[in-house]
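In what follows, chains are A, B, ... by sequence order, proteins preceding strands, each numbered from 1. Excluded from the calculations below are hydrogen atoms, water molecules and symmetry mates; all remaining heavy atoms, backbone and side chain alike, are included.
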Number of protein chains: 2
Amino acid sequence: MGEAKNRRDYENELRDAGIRITRARKTILKILEEGEKHPDAMEIFRRASEIDATVSLSTVYRTMKILEDRGAIQRHVFEGGPSRFEPAGGTHHDHLIDTDTGEVVEFRSDKIEALQEEIARSLGYEIVSHRLELYVRKIGRRRG
Amino acid sequence: MGEAKNRRDYENELRDAGIRITRARKTILKILEEGEKHPDAMEIFRRASEIDATVSLSTVYRTMKILEDRGAIQRHVFEGGPSRFEPAGGTHHDHLIDTDTGEVVEFRSDKIEALQEEIARSLGYEIVSHRLELYVRKIGRRRG
DNA sequence: CTGTATGCAAAATGTTTGCATACAC
DNA sequence: GTGTATGCAAACATTTTGCATACAG
């Protein structure tokens, strides 16, 4: 039916790594686990505040940094917007961003991946990372 | 031998559009016309300052905005860095960024372009714009 | 108890803007 | 002359950080 929910267990992941599970972190992690994918920091903060009004934006950022450093989430900076975070660990994919709604759709093309490798290699480079984003609008939608 | 220089004439382009050619603008435009491609605002500002110490960073940004609005340059925000500007108008291309040096190489792949179109269409979207960046390092270079 | 995590406020970054003055046309 | 462009400083949006306090383990 809908988009598959993110079914990670960040809490145990961090606990196992010896990182303290505080009330703020518990709240933030639950939001990441249960919410839609690709929220930005303010969105996470807003939702966290509803559950626990004492959570601060700093802590949201700090928690994102911990998760990012541990490779548990990825940070994306789409054009003209703040960083958005997504659970990492699945297969690599690229993004298609609906410019009208901000909605993000993930896609993957092995052909494109292969072509990228080929291009980099032919220029004497190896790829460290890459980013492919398609900014799109629904076919047939009226211009704003 | 080296990379082809940017041979535009921004000054006449703007004059023809009824935009005043001031001393600051003349300086900034010359830098864009003669300098390497893909400078950021501070780089342009630094070079402008050497020629005319009264030029301000605000004016650099404002001039970039004018050029961008007119489609004369394109703004790129590569990962972790400030906006970088490049002369527009050539054929579309993507970018390969050397993560060690910050150097930018342009490339183009009709195959990738076609695949992108195909992917977007198959998902019910039309592409408004896109961005493909390969972050790379020279093959064989030692890790820092 | 000890050291890590927190909230807050302030700093850092990159960019834009309000305003009074300067200058291109 | 007239209105656009400028420099400056302040505002801006996002993210990071210093510090004293709180709290997880």
In whole Å, what is the span from the [atom1] atom of [X] to the [atom2] atom of [N]?
X: B/His76; N: C/dT15; atom1: NE2; atom2: P; answer: 14 Å
X: A/Lys26; N: D/dC23; atom1: NZ; atom2: P; answer: 15 Å
X: A/Ile21; N: D/dC23; atom1: CD1; atom2: C1'; answer: 14 Å
X: B/Leu57; N: D/dG7; atom1: CG; atom2: C1'; answer: 11 Å
X: A/Arg23; N: C/dG7; atom1: CZ; atom2: P; answer: 9 Å
X: B/Asp52; N: D/dG7; atom1: CG; atom2: P; answer: 8 Å
X: B/Leu14; N: D/dT4; atom1: CG; atom2: P; answer: 16 Å
X: B/Arg15; N: D/dA5; atom1: CZ; atom2: P; answer: 13 Å

Quiz item: Looking at D/dT15, C/dT6, D/dA5, which one has an atom nearest to any side-chain atom of B/Arg20?
Solution: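 That would be D/dA5.
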Run the salt-bridge test on [X] and [Y] with the 4.0 Å N-O cut-off and return the result as yes or no.
X: B/Arg46; Y: B/Glu43; value: yes
X: A/Glu13; Y: A/Arg70; value: no
X: A/Glu36; Y: A/Arg47; value: yes
X: A/Glu133; Y: B/Arg131; value: yes

Side-chain N or O of [X] less than 4.0 angstrom from OP1 or OP2 on [N]?
X: B/Ser56; N: D/dC8; answer: no
X: B/Ser83; N: C/dT15; answer: yes
X: A/Thr22; N: C/dA5; answer: no

Quiz prompt | Full working for side chain to side chain contact (heavy atoms under 4.5 Å, CB included) between A/Arg23 and A/Val55 | solution = CA-CA 9 Å; A/Arg23 192 151 62 103; A/Val55 173; over 6 Å; no
Quiz item: Any chance the side chains of B/His92 and B/Gln74 put a donor and an acceptor closer than 3.5 Å?
Solution: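 Judged by distance alone, the side chains do not pair up.
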Quiz prompt | Which residue lies more 5' along DNA chain C, comparing B/Ser58 with B/Ile19 via nearest heavy atoms | solution =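 Here B/Ser58 is the residue nearer the 5' end.
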Self-check item: Min side-chain heavy-atom separation B/His76-B/Val104 under 4.5 Å
Solution: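 Counting from C-beta outward, B/His76 and B/Val104 never come under 4.5 Å.
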Quiz prompt | Within residues 61-70 of chain A, residues whose heavy atoms come under 4.0 Å of DNA chain C | solution =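 Nucleic-acid contacts, sorted: A/Arg62.
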